[in-house]
Amino acid sequence: MRFDVITLFPEMVHGLLGHGVMGRAVDRGLIELVTWNPRDYSEDRHATVDDRPYGGGPGMVMKVEPLRTTIRAARAAAPAAPVIYLSPDGERLDGPRVRRLAQDQRVILLCGRYEGIDERLIDAEVDQSLSIGDYVLSGGELPAMVVMDAVARLIPGVLGHAESASQDAFADGLLDCPHYTRPEWIDDRRVPAVLLSGDHQAVARWRLKQALGRTLEKRPDLLDQRGVSDDEQALLDEYRAGHQG
Ligand SMILES: CN(C)c1ccccc1CNc1ccc(C(N)=O)cn1
C-alpha cells in the first residue's frame with residue numbers, strides 16, 4: 001500500500017511512519033509514504049500557495065495553482081489512485097470505509113490548510129472527501145495520519161499476530177474486551193480468575209461475552225447494526241445476569 005500525501009508540512013506526516021508498528025511496516029516495505037509539497041511546485045519567487053478570499057472575510061484560501069500541478073504530479077506517479085480530500089464536510093470515516101480503502105493499492109491524500117481550498121479545484125480534482133469527526137482542525141494532516149494508521153493496520157503483515165488480536169473485536173463490529181497484565185493484584189482489585197485458568201476456550205468465551213456486554217452498554221447502536229447470534233445472545237444474558245446493579 002502506498003500513500004501519496006499532498007501537504008505543506010511533509011515532516012509532520014513522516015512523523016507517523018517513523019515509529020512502532022508503522023515504522024516497522026515501512027522498513028519491511030509493506031507500506032510506502034511519499035509526500036508532495038505544493039511549495040515545491042510554485043512558479044513564483046515567494047512560493048505562494050494561498051491568497052485572499054474573494055468576497056472578503058478573514059483568513060486565506062489555498063490557490064488552485066500550485067496545488068493542481070502537485071495533484072497532477074502525484075496522479076502521474078499513481079494514475080489509478082483516488083484523490084481524497086480530508087475535510088470537515090467529508091463523508092465520515094468508519095470501519096467499512098477504512099476496510100474499503102485498504103483494498104486500494106494507492107491513495108492520494110490531499111491536506112488543506114488556511115480556510116481550505118478553492119472550490120474549483122475540489123470540483124475538478126477531488127474524487128472523495130473524508131472527515132474523521134465533527135470538529136475543525138488546523139489542517140488535513142492529522143486526519144490524513146488517522147486514515148493512514150487505520151488503513152495500514154489492515155494491510156496483511158503490518159500487525160504481527162501479537163497485535164492483530166486488537167483488530168478482532170472491532171473488525172467483528174464490537175467494542176474490545178478488557179485487558180489485564182501483571183501484577184495479579186492492584187490494591188484490592190484482581191485479575192478475573194478465568195484469565196489465569198489456562199483454559200483457552202473459557203478465556204475466548206469470556207472475552208467475547210465481555211465484548212458483547214460492553215458493546216451493549218456503551219454502543220447499543222453498534223449491536224443493533226451488527227445483530228447477535230443465538231449463542232451470542234446467551235452470552236449477553238449471562239453478562240447481564242452477572243452485571244446486575
Ligand atoms: C483548515 N480547515 C478548517 C479546513 C477547511 C476545509 C478543508 C480542510 C481543512 C483542514 N482542517 C480539517 C480537515 C479535516 C477535518 C476533519 N474533521 O476530518 C477537520 N479539519
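Atoms within a ligand are numbered from 1 in the order they appear, just like the ligands themselves. Excluded from the calculations below are hydrogen atoms, water molecules and symmetry mates; all remaining heavy atoms, backbone and side chain alike, are included.
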Set of residues that line ligand 1, where lining means a heavy atom lies under 4.0 Å from it: Y85, L86, S87, P88, G112, Y114, E115, G116, S131, I132, G133, Y135, V136, L137, S138, G139, G140, P143
Main-chain N/O of G157 paired with R28 side-chain donor or acceptor, under 3.5 Å: yes
Side chain to side chain donor-acceptor pair (under 3.5 Å) contacts touching residues 187-200 (sequence neighbours left out): E184-R190
Sequence neighbours excluded, every pair satisfying side chain to side chain donor-acceptor pair (under 3.5 Å) that has a member inside residues 55-67: E65-R68, E65-T69
Shortest non-hydrogen separation from A81 to I108 and the atoms involved: CB-CG1, 3.9 Å
NZ/NE/NH1/NH2 to OD/OE distance under 4.0 Å, R106 and E32: no
For residues 46-61, dump all side-chain donor-acceptor pairs below 3.5 Å to protein atoms at least two apart in sequence or in another chain.
| unit_1 | atom_1 | unit_2 | atom_2 | d |
| --- | --- | --- | --- | --- |
| T48 | OG1 | D44 | OD1 | 3.3 |
| T48 | OG1 | D44 | OD2 | 2.8 |

